[in-house]
Amino acid sequence: MTAATHSTLFPQVPDSADAVLEGLDPEQREVATALHGPVCVLAGAGTGKTRAITHRIAYGVRAGILHPSSILAVTFTNRAAGEMRGRLRQLGAGGVQARTFHSAALRQLQYFWPKAIGGSMPRLVDRKIQLVADAAAACRIRLDRGQLRDVTAEIEWSKVTQTVPADYAPAAAKAGRESPRDPAEIAQLYAAYEDVKRERSVIDFEDVLLLTVAVLQDRHDIAEQIRAQYQHFVVDEYQDVSPLQQRLLELWLGERDSLCVVGDASQTIYSFTGATPDHLLDFRTRHPGATVVKLVRDYRSTPQVVHLANGLLAQARGRAADHRLELVSQRAPGPEPVYAEYTDEPTEAEGAARRIRELIDSGVPASEIAVLFRTNAQSETYEQALADAAVPYQLRGAERFFDRPEVRKAGIALRGAARFGGNDSLLDDVVDLPSQVRAVLSGEGWTPQPPAGSGAVRERWESLAALVNLAQDFAAAKPGATLADLVAELDERANAQHAPTVQGVTLASLHSAKGLEWDVVFLVGVTEGMMPITYAKTDEQIEEERRLLYVGVTRAREHLHVSWALSRSPGGRPNRRPSRFLDGLRPGSTATTGRITTGGAGGIERGIPGTRGSAPRRTQRVPARCRVCGRTLTDPGGMKLMRCDDCPSDMNEGLYERLREWRADQARSSGQPAFCVFTDRTLMAIAETAPDDERELARIPGVGMRKLTRYGADVLAICAGQSGPEHTDQD
């Protein structure tokens, strides 16, 4: 290990308090040296807020002003708390307590329980689902798994907003929440849930905060003991504080004001869990003499990404928007955001996967690329597209599509219906494949219209709707396909997506991407109905959707790709439009000069701005036509074969078998599924065309430049009747 490498992995501890301040910008230094009285840090995305507050703590400790054991720093995730502890150790401030709200409260509750309550503390349960199910059974209310999750979420919201069961209905109405069931029924279930917990002597995570608050309110001696221990408080991500957490913080503080809070109202995206930016925005009202510092120097993203982020917030409305921060990038200029319009969702996914493959081949690590979407149900299309392009990926904050309980259960139901065929009375009067799938999945909870509101029931419906849509696309691409054919297709997809993918492109929902960053970010599905989501009705909900997109944009360090599809499936009506949040920002929505080039199959890519004085120009796509009958091709399967499915094939069967044997060898040597080398339809198209040179081979859909370079010589040799040179995949 070189000295430089050692210093990077194990940075030297600053040798003095003043050395702690070295390298901070003026505003960060102001935060670090503001050690007395209330301090409010308004920190935009990528402005180094964690650096500022950890250096503040370390400077106070190293200067002898703060004692490490008297400081409690709280945040919202174990990952963030661990990162804070690690940075403090590197700065010579070990011994400072950096915890989540729940961890800090649990530690105090466990310590003081014998003194405050007596006896042993009740057991803490990790999950509420079973308790809620038992409460529902006691009330004789039937709930499926999705409804259980939604009712559980309502109970959690009630507790963090300090709402008792009797007050649930008016409180939910006032907050504009769409209850998953009748509010009176939710209140009944909530009360029964509390009864079940008492009977079994267990508590949940919200109880940890509630009980700690109760102890501190009732036992002034215990409150004073904690206040004697902790005299200085730091709260990160303060815009995400719930009313219950705010109450606990006030009890920790008592009459003192040694508090530093850090947050950004423009990143409030968890209001459905009870989080509110009001505590951050009202901080100066509660603490008139507070020191307020704004961090707006963005060290994460290029000026081009920051410009788009600022533009999004410039159109925002509401209280959080009134306190928005105008970011100023500190990085060198980079590429302009690329906007891509596609004909349909599968083509959008293929376009993203193709561009990602190019980036990886050019040297960009897969781990520095992310695909971000609004709902978890969107992941399946991108999982498949990346698998087809031989791109490793990993899902964050969500199960793989085919691992989701509702998808696994739906698969079992479809497999059973395919096995019993005509013996299933459910399918007696159903002829076509999509209708059969709808009939089967209606028994699993699918309905023609989505359920109202968000939550687990909506997510479950979205997953089932994705299967219905997949069946429609499969039937369009393969007329005459049976339910058994669809089940086989689902199995093939599931098996391919279970391949090991340790280091890969991140697939994540926008919510789960909070706090992360990548060199390259693809924001996909940015259409009306998805961004903002259809169930966002009120002005407040719409603005939170805008902030969610803002969070997605600010995850990108250098490359940002924003895309949308005009229709859901190939050949569908192109009646979608890009998100209203992009109006005035994307090329074409205003008189913007720039370059417009074809974005691959079905796409239009736009980068802004282009050559001075150049006018936007859309490259016209020539419709694909069948090489046998000349009709326009609309389904992706026909486009790959370059002929209609019902037109006669002139495929060389011997050539096709040789290509399949070669593909199997390639798949074994590279450790990837066979269809990642070439799909069956691409092999059929090659066997039908029997190309003589690279130009003819490149014209076949599904080949592409990367595969042409990697496999072209082998394929052309096989087509020429040779066995083909041995090919080893070095990538």
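From a predicted model like this one, the values you see are computed outputs, not experimental measurements.
With respect to the salt-bridge test (charged N to carboxylate O, under 4.0 angstrom), the residues Arg300 and Glu517 qualify. In summary, Asp583 and Arg577 engage in a salt bridge, as defined by a charged side-chain N under 4.0 Å from a carboxylate O. Salt bridge status for Arg668 with Asp665: present, with a side-chain N to carboxylate O gap under 4.0 Å. A salt bridge links Arg355 with Glu358; the closest basic N to acidic carboxylate O contact falls under 4.0 Å. A salt bridge does not link Lys409 to Glu406: none of the charged nitrogens lies less than 4.0 Å from a carboxylate oxygen. Checked for salt-bridge contact, Arg576 and Glu345 meet the test: a charged N lies under 4.0 Å from a carboxylate O.
Remark: Ala484 engages Ala418, Thr482 in a side chain to side chain contact (heavy atoms under 4.5 Å, CB included) (not counting sequence neighbours).
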side-chain contact (heavy atoms from CB on, under 4.5 Å) evaluation trace for Phe678 with Asp388: CA-CA 8 Å; Phe678 284 120; Asp388 287 347; over 6 Å; no

Stepwise side-chain contact (heavy atoms from CB on, under 4.5 Å) check, Val468 with Gln472: CA-CA 6 Å; Val468 171; Gln472 292 172 346; 4.0 Å; yes

side-chain contact (heavy atoms from CB on, under 4.5 Å) between Val338 and Leu560, intermediate numbers included: CA-CA 6 Å; Val338 173; Leu560 180 63; over 6 Å; no

Intermediate values then yes/no, salt bridge (Lys or Arg N to Asp or Glu O under 4.0 Å), Glu661 and Arg658: CA-CA 5 Å; Glu661 292 173 4; Arg658 291 197 299 274; over 6 Å; no

Evaluation steps, side-chain contact (heavy atoms from CB on, under 4.5 Å), between Leu470 and Leu486: CA-CA 9 Å; Leu470 190 150; Leu486 176 65; 3.7 Å; yes

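Side-chain atoms of Ser567 come within 3.5 Å of backbone atoms of Thr343 as a donor-acceptor pair (strictly under, hydrogens ignored). The backbone N or O of Val364 lies less than 3.5 Å from no partner atom in the side chain of Glu368, so there is not a single donor-acceptor pair. When atom types are taken as modelled, the side chain of Arg374 and the backbone of Gly529 share no donor-acceptor pair closer than 3.5 angstrom. Side-chain atoms of Ser512 do not come within 3.5 Å of backbone N or O of Ala508 as any donor-acceptor pair. Under a 3.5 Å cut-off, the side chain of Asn310 and the backbone N or O of Leu327 do form a donor-acceptor pair. No side-chain donor-acceptor contact under 3.5 Å links Thr689 to the backbone of Pro691.
Across Ser367 and Trp518, no two heavy atoms sit closer than the pair O-CD1, 3.4 Å. Among all heavy-atom pairs drawn from Val562 and Leu582, the shortest one is CG1-CD1, 4.0 Å. The two residues Ser301 and Ala556 have their closest heavy-atom pair at OG-O, 2.6 Å. Shortest non-hydrogen contact noted between Leu467 and Val437 is O-CG1, 4.4 Å. Leu659 and Ile718 get closest at one heavy-atom pair: CD2-CG2, 4.0 Å. Nearest heavy atom pair, residue Ile533 against residue Glu545, reads N-OE1, 3.0 Å.
Taken from CD in Glu696 to CG in Leu716, the straight-line distance is 9.0 Å, to the nearest 0.5 Å. Taken from CG in Leu549 to CD1 in Ile269, the straight-line distance is 11.0 Å, to the nearest 0.5 Å. Between atom CG of residue Asp485 and atom CG of residue Leu433 there is a gap of 8.0 Å, rounded to the nearest 0.5 Å. Summarising the geometry, atom CD belonging to Gln304 is positioned 10.0 Å from atom CZ belonging to Arg331; distances are rounded to the nearest 0.5 Å. Rounding to the nearest 0.5 angstrom, the gap separating the NZ atom in Lys707 from the CD1 atom in Ile700 is 12.5 Å. Note that CE of Met531 is 9.5 Å distant from OG1 of Thr375, once rounded to the nearest 0.5 Å.
Between His511 and Tyr270, the ring-plane angle classifies as tilted under the 30° and 60° cut-offs.
The closest side-chain donor-acceptor pair between Ser379 and Asn376, if any, does not fall under 3.5 angstrom. Side-chain contact check for Trp564 and Glu348: no donor-acceptor pair (N or O, by modelled atom type) lies under 3.5 Å. For the residue pair Glu350/Thr347, the side-chain donor-acceptor check at 3.5 Å is not satisfied.
Contact annotation: the side chain of Thr506 never approaches that of Val371 to less than 4.5 Å [non-hydrogen atoms, C-beta and beyond]. Using a 4.5 Å heavy-atom cutoff, the side chains of Ile686 and Cys719 are in contact. The shortest distance between side-chain heavy atoms of His559 and Asp519 does not fall below 4.5 Å. Taking the side chain as every heavy atom from C-beta outward, Pro335 and Glu558 approach each other to under 4.5 Å. In this structure the side chain of Arg79 reaches within 4.5 angstrom of the side chain of Leu516, judged on heavy atoms.
Taking the six-membered ring for Trp and the full ring otherwise, the centers of Phe522 and Tyr382 sit at least 6.0 Å from each other.
Heavy-atom contacts from other residues, nucleotides or ligands closer than 6.0 Å to CD of Glu694 number 12 or fewer.
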